[in-house]
Every structure is written in C-alpha cells, then in structure tokens.
Amino acid sequence: MDVYRITKEPIDVASALIDIADDRAGAQALFLGTVRNEFEGRSSRGLYYDAYEPLAEKELRRIGEELKQEFGALHVVLIHRIGDLPLGVVSVLVAVSTGHRGEAFAAAREGIDRIKLRVPIWKKEHWGNGQDAWHHDPEAFPAK
Amino acid sequence: MDVYRITKEPIDVASALIDIADDRAGAQALFLGTVRNEFEGRSSRGLYYDAYEPLAEKELRRIGEELKQEFGALHVVLIHRIGDLPLGVVSVLVAVSTGHRGEAFAAAREGIDRIKLRVPIWKKEHWGNGQDAWHHDPEAFPAK
Amino acid sequence: MNPSTMTVHTLFFSFAADRMNGRHKTLDLPQGTTLGDMVRQYLEPALGPDSRNWLYSVNEEWASWETQLKNGDEIAVIPPVSGG
Amino acid sequence: MNPSTMTVHTLFFSFAADRMNGRHKTLDLPQGTTLGDMVRQYLEPALGPDSRNWLYSVNEEWASWETQLKNGDEIAVIPPVSGG
C-alpha cells in the first residue's frame, strides 16, 4: 500500500512499516528527517514547516510513482509533517520496500532528495537567539 | 545509545528509533531485511537463521564502531534475529542517526553490507517444495 | 466586476508571504493576462526580481509562463522550497 | 589425559555441521598443534578442501593458521556466512 500525505500529526513509523510490508520484499529502507539543534553551526530551538498542501501531496505521489518505475519499489510511503516541531521530532518519512537492498537504498535516497527539491514545503528556523528565518530567504541566508 | 544484539525475539523497530534519537541528528536511516517468498526465482516458505552468538555480537559491535568512525554516526543499532522466520518477518535491522542524510545512507548501506560479509550468521532456505538448503553450501547452490 | 477584467486568488508562502504581508491576495487583472504577465507586472515589484525564477501553480498544478489566467483561478507563488 | 595430548572443543555451523553430523566435537590433539595443523589433519578430510579457505575462531575471537592451540580451547569452524 502506498501513502502520500502532508500532516500536522506525529509521523507513525510503525504504521508505515505495515504499509510497505510485502512477502515479495527482501529489503525495506527508511529515511527519517529529524529536527536538529543546529544549522551550519548556529544553534536552533526547532523548526516551523509550511506547505501548499494539495500540490505537495500531488508531488509526493508523483515522486512515489517515479520510485516504483525507476527502482522497482513495491510500496512507497512519503509523509511530511508541518507546523511547529521541537528538536528531535521526525519531520519527514520515506519508506520503501523492494526485492533487494540496492534498490531499497537508491529509492529511499532519491525519495528524500526529490522531496527536498520539488515538494512545496518551506521551513523556518527558530534560532537559539530568539530570531526566526525562512530557509532560502536571501535576506536571512545571504549568498556566501 | 548503541545496541548490538543477536536475538530470537521479534525485532522492535520503535525501540531502535528511541535508541538512535539525538537532538544533534538531522537524519536517521534504517535498513530492514525481510524474509522473501523466493530466492533467485525459486519459491520459499521461510528461512532458518543460525549464529555463533558470542562472536557475532562482537563483530556487530566492531561494525558499529567502524560506522561511527568512518561516517560520523551518532548512534548505531545492529540487531539480527535467528531461528525459524516466516515470510515477511524482519530478520535484520540496521539503524543509524547522523547530522546529515548523506552519511546516514552511507552508514546504513555499509552496515548491512558488512553484516552480510563478516558476521557469523547462516541462513537455511525452506524451499517451497519442502526441501531445505543452507546458503553457500556448494552442494545446494552449485557454482553457475 | 468589469467585463474586461477578471479576479484571481493568489497564495503566498514562506518569505514571499512575509514580503506581501499576507498569505492571500485577490487581484483584478485584464482579460487575457498570462501567468508571466501577472508575475512581472503585479508581483515582481513586491517580491523582487528573483520571483521571475520561482515556480508557480494555477489551480493546484504547476503552470508555465504562457498559461492564460481565467476568472476565479487560484495562483500559488512557490519560492524555493526547503522541505525535509 | 595423556600429558603429551590436549583436548579441544570444536563447534560447527551451517552445512559444516551437516557434514560432521553434529554441532560439537571434542578432539584430542598432540601438544603443539596449531589451528592450521588441526584444520588440515582433522577437519579437511570430513569438510573438504574448501575448509582451508574458511575462517576459524579460538575462544570466541578470530584466529590465524599459526595460532597455537591449548588444552580446553573452543574452536569454531565458520563456513561462508550468509546473514542478512
């Protein structure tokens, strides 16, 4: 079973494992993005994620279809959480099942890379000093 | 926290996620090996795994230390289940947390590759036709 | 509504919403306006020249510069994404 | 026990246990026997020539051909592994 979802709720890894289970699969790869306490050396208190939900879910689905086509993924779960997330929390989950491990790693890696490139989701850093900044805002993150 | 274990019990993925959690981590990668219903085109009813447990756990620990040294893994969990395992069940878990996703994928991939190469564990295929065969037994799997 | 104009709904996200002081704007545009026309004439003055390089969607699907806008369209302004 | 001999415990796994009809054997060896001597003289006849290329452990640690065996040692015969 495939799942493509933008959610405000905690991401349930156990249920993703049930969704990708398949007797034809010898391999499952999962990638979880978690909220880190720093970004490029500056301390952070957490992240806020916003999304354009209808288009984001469509784009997650397109990425999942690509992973099935290109890597033979049997099942794909792509979930991104939005809202205010404290340190340590899972913000994004990529889970795939495949026949063998090579394709599982390749599909999971491409899954997160394509999410970061293409899905209309944005994150705001809550810096340790109390300031906030949207990533990729040229005023907040000047070109180096 | 790091965990290196050979076990007869079901592998608990949720507890591995707790073990690798770290506010410094932006990425977690998990690989799960699952019992597949075929091997190289022959149908299978399941697998039996045996291990030389004390040396297998030592070797898991050595691999984990390598993943921390080589890829900067913050925490590593390597668990292999043994005994008779039905189709679909998780036989092996590799879980790592790292600062960024590149190292997470690299560490998890090397983790499972090194387990397969070095850890004294053996699997016996329960073929669909009722026969059994140890993998790598030259009489059961003649060189092609 | 003037028959020679149409009304479109525009959504802003991330720092584009900050620049616009809001996540939603309603614009009255001349009939025949393309997405490219709208970006250059109505959005670029507020969002800056980088906005020409951003992505846009019309009615929840990616759209090109040449897309003809229609009355009631929902246009989303997609500054560089940063999910994950 | 003859003072010029020693007793070692040998563990077999996977198809090596099938070949030996058992997972444990106790061997009486001359004092001074190395791991390589034991493999060539006592195990290879039953396990076949491939067994020279396998790995072995002594007392739960990987051991080389030159390892001097001692009374009471536990030797594990490690045919090619297939975990995962």
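Per chain, numbering begins at 1; letters A, B, ... match sequence-line order.
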Task: Toward chain A, the part of B:Val35 with a non-hydrogen atom under 4.5 Å - done: backbone
TODO: Quick one: list whatever passes side-chain contact (heavy atoms from CB on, under 4.5 Å) with B:Pro86, sequence neighbours left out.
DONE: B:Val89
TODO: Could you tell me which portion of B:Ala14 (side chain, backbone, both or neither) has an atom closer than 4.5 angstrom to a non-hydrogen atom of chain A?
DONE: neither
TODO: Report the residues that fulfil side-chain contact (heavy atoms from CB on, under 4.5 Å) with B:Ala108, sequence neighbours left out, ordered by chain and then residue number.
DONE: A:Phe105, B:Ala29, B:Val94, B:Val96
Give every donor-acceptor pair between chain A and chain B closer than 3.5 Å, one pair per line, or write none.
unit_1	atom_1	unit_2	atom_2	d
A:Asp23	O	B:Asn37	N	2.8
A:Ala25	O	B:Thr34	OG1	2.8
A:Gly26	O	B:Thr34	N	3.0
A:Gln28	N	B:Leu32	O	2.8
A:Gln28	O	B:Leu32	N	2.8
A:Leu30	N	B:Leu30	O	2.8
A:Leu30	O	B:Leu30	N	2.8
A:Leu32	N	B:Gln28	O	2.8
A:Leu32	O	B:Gln28	N	2.8
A:Thr34	N	B:Gly26	O	3.0
A:Thr34	OG1	B:Ala25	O	2.8
A:Arg36	NH1	B:Gly99	O	3.0
A:Asn37	N	B:Asp23	O	2.8
A:Gly99	O	B:Arg36	NH1	3.1
A:Arg101	NE	B:Asp113	OD1	2.8
A:Arg101	NH2	B:Asp113	OD1	3.0
A:Asp113	OD1	B:Arg101	NE	2.8
A:Asp113	OD1	B:Arg101	NH2	3.0

Task: Derivation and outcome, side chain to side chain contact (heavy atoms under 4.5 Å, CB included), residues A:Leu32 and B:Leu17 - done: CA-CA 10 Å; A:Leu32 307 176; B:Leu17 288 171; 3.4 Å; yes
- [ ] Give, as side chain, backbone, both or neither, the part of B:Ala27 having an atom under 4.5 angstrom from any heavy atom of chain A.
- [x] both
TODO: Report the option among A:Gly33, A:Gly26, A:Gly88 that has the most heavy-atom pairs separated by less than 4.5 Å from atoms of chain B.
DONE: A:Gly26
